[in-house]
Protein chains: 2
Amino acid sequence: MASHGVRGGRSGGRPTLEEVAARAGVGRGTVSRVINGSPRVSDATRAAVEAAVAELGYVPNTAARALAANRTDSIALVVPEPETRFFAEPYFSDMLRGVGAELADTEWQLLLIFAGSDRKRQRLADYLSAHRVDGVLLVSVHADDPLPDLLDRLEIPAVISGPRSAGETLTSVDSDNYGGGRSAVEHLIARGRRRIAHITGRPDVYGAQRRVDGYRDALRGAGLEVDELLIEPGDFTEEGGRRAMSALLSRRPDLDAVFAASDVTAAGARHSLREAGRRIPHDVALVGYDDSAIARHMDPPLTSVRQPIEEMGRAMIDLLLSEIADRRPAGTRGLERRHAVLATELVGRESS
Amino acid sequence: MASHGVRGGRSGGRPTLEEVAARAGVGRGTVSRVINGSPRVSDATRAAVEAAVAELGYVPNTAARALAANRTDSIALVVPEPETRFFAEPYFSDMLRGVGAELADTEWQLLLIFAGSDRKRQRLADYLSAHRVDGVLLVSVHADDPLPDLLDRLEIPAVISGPRSAGETLTSVDSDNYGGGRSAVEHLIARGRRRIAHITGRPDVYGAQRRVDGYRDALRGAGLEVDELLIEPGDFTEEGGRRAMSALLSRRPDLDAVFAASDVTAAGARHSLREAGRRIPHDVALVGYDDSAIARHMDPPLTSVRQPIEEMGRAMIDLLLSEIADRRPAGTRGLERRHAVLATELVGRESS
DNA sequence: AGGTACCGTGGGAGCGCTCCCACGTGTGAT
DNA sequence: ATCACACGTGGGAGCGCTCCCACGGTACCT
């Protein structure tokens, strides 16, 4: 029976807990305690173990740890969108940056998982069923998405980045979409615009609905009437913005401003406006949402509503980690869900 | 001693191999064989096991598998850059898309790891030392990066996306940077330009050097002299492009064309050209590299050299997986390294 | 002096798999 | 009829950890 391990031989022979224990002249349990930062170890022993760890270049075997402790020390950032959208929209990258920053000093491992196609969906479901992560960050979820329920059923801690509705059951982080939409429109009104159109985000996204609410209330607040013909659904994409703008122009050729639910949408709208010979901002003022690089580089530079996305990412991690921690001492079911809402800010540029 | 597992109770009780075996009336080994697609199982038995798996909703425990089999079924895409650059440059997203597509139908799990800061570097080294991945995809590596050596020392299969030098020791995938640079410049010459400047990529990137080589040879091939004052180092960033362009304009105000080593660089160059009052393409023709979204949306749309980045991603996965497979039957050291080079294509637009 | 408490410690049991050896049983060659 | 050799199968051993119980020692009470 030839032992097939590489134990001892060449460079691949990784030291085990047991070997560290032998070297330090202590038991396995003690080494484990030192590795995991337990306080129930004397200083002398701890020093001896740490020396042995350093000498041997010991690195814990994650698989063994995961198996024995039933945890993975990793969390997933799940994007229920095709990769294309992930990169097309700076929203995701900013979010990822915040998450990454918050995780940088921890032992947590972040997994980025795309679930844009049905096949990928299925793979994700398998993945979650296998409990390969201790927690999940959910970004950009549609109202009818079954993912949150799955997570609930599997009892996997999760935080969602945009609540699906006013009664979101999952712990959530959001920016003030209502306030953002409202401030965009109030800004346009203050600039003297009166026939202000709105290209919405995807209607099944709660945040998009709230922006519409803000749009409506801003108009009403200024004593203006809400003209439904000035509201056209978009889908956060450039192509959608283009289409919506064309539709609006043919319905209401006299519009003098547009509030688009995203910068990318605004870019599409700009395209249609140009084609129709409208000058920005002279004929039509344009305001976007997200304050992304696109907004800064657009011609003319785009006024946009900034969401503190990076901070939202940070907040998501904070909430998720505490939720995971709360759950560790088993039986702590039914802790109340928390909802964080962060403020937005209007960034004025030449387009309005 | 209260058993702390959830075995049997509620929804969390995940079935094990053993339970599936009992249900199917077979041994553990047989179930394992079915799960892993071994051919040495009779059809009847296989069907029985599959039925039991379905009824119980069995999902293999990855940690246990990783521990027993000493493999993780996951590979890492390592980006030795800050997240910012990852998102700023479409190169990475296209690459990721190709990689993702090639991996979509497999059991492999992809990890995205940023190693842009020293701390993250260290974390990555620990991660690799712990052998938490079976293979590594390395994107955008500088000539003096110690990562490849570390991977070699740890005997972790790896594929690099741009070779570090002509004598790259790792298996590599690359596009024809020389040919791409050459075709860009030949295009400009064909358009009647004669004083063609070049803003390079980061000089320590081999691919950037090759583009410079292509630039030089194209000029020589047309009987034009290479003027070193027309070559200015950039760093693939917009800011770098801006700076380089300003430098070039002050040195050679009479230049009539610019070949930039990336679209982002070209965007920066465009900015400086505008500031200097030069019209594109009337006064100065501009050609970029990557054929990214930026190129299409630039004003005017940018002529650019397309690299088949998505295909490169696919090719990387192919090579990596075969390398991992080759290594599995232990002792197969010293297989020759392979190097794939994919062709580029010039996409003409209004900027030239 | 005896009792009690707690602290630091060692090591058994077990996590859920894979690997491999050993063991029938059926088939074909001799 | 006998041997040889597949093939499909069962189950022991072991992967490297964590968890927890049990143990001896010291400090503090009564």
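Residue numbers begin at 1 in each chain, while the letters A, B, ... track the order of the sequences.
Distance Arg132(A) CZ to dG16(C) C1': 14 Å, rounded to the nearest Å. Residue Tyr58(B) contributes atom OH, which lies 3 Å from atom P of dC17(C) at whole-angstrom precision. What separates CZ of Arg71(A) from P of dC15(C) is a distance of 17 Å, to the nearest Å. For the pair Arg65(A) CZ and dC17(D) P, the interatomic distance rounds to 8 Å; values are reported in whole Å. Arg33(B) places its CZ atom 8 Å from the C1' atom of dG10(D), with the value rounded to the nearest Å. Spacing between atom CG of Asp43(A) and atom P of dC7(C) amounts to 15 Å, rounded to whole angstrom units. Between Glu18(B) atom CD and dG14(C) atom C1' the separation is 13 Å, expressed in whole Å.
Using a 4.0 Å heavy-atom distance criterion, Asn70(A) is classed as making no nucleic acid contact. Residue Arg28(A) is classed as a base contact, given a heavy-atom separation below 4.0 Å to a base.
The shortest distance between the side-chain N/O atoms of Asn36(B) and the OP1/OP2 oxygens of dT18(C) is below 4.0 Å. Listed pair Thr30(B) / dT9(D) fails the phosphate criterion, with no side-chain N or O lying under 4.0 Å from OP1 or OP2. An OP1 or OP2 oxygen of dT9(C) is reached within less than 4.0 angstrom by a side-chain nitrogen or oxygen of Ser42(A).
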- Step by step, would you call Asp126(B) with Arg123(B) a salt bridge (Lys or Arg N to Asp or Glu O under 4.0 Å)? CA-CA 5 Å; Asp126(B) 292 347; Arg123(B) 293 238 299 151; over 6 Å; no

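The nucleotide whose nearest atom lies closest to any side-chain atom of Arg40(B) is, among dC15(C), dC17(C), dG8(D), dG8(D).
Under the salt bridge (Lys or Arg N to Asp or Glu O under 4.0 Å) criterion, Glu55(B) pairs with Arg23(B), not counting sequence neighbours.
A donor and an acceptor atom, one from each side chain of Arg338(B) and Ser322(B), are located under 3.5 Å apart. With hydrogens and angles left out, the side-chain atoms of Arg164(A) and Ser172(A) include no donor and acceptor closer than 3.5 Å. Remark: the Asp118(B) side chain and the Gln122(B) side chain contain no N/O donor-acceptor pair separated by less than 3.5 Å.
Along DNA chain D, the nucleotide nearest Leu67(B) and the nucleotide nearest Val26(B) are compared for position; the residue whose nucleotide lies closer to the 5' end is Val26(B). Nearest-nucleotide mapping onto DNA chain D: of Ala69(B) and Pro39(B), the residue sitting toward the 5' end is Pro39(B).
Residue Arg14(A) places no side-chain atom within donor-acceptor reach of the base of dG16(D), judged by atom type and a 3.5 Å distance cut-off alone.
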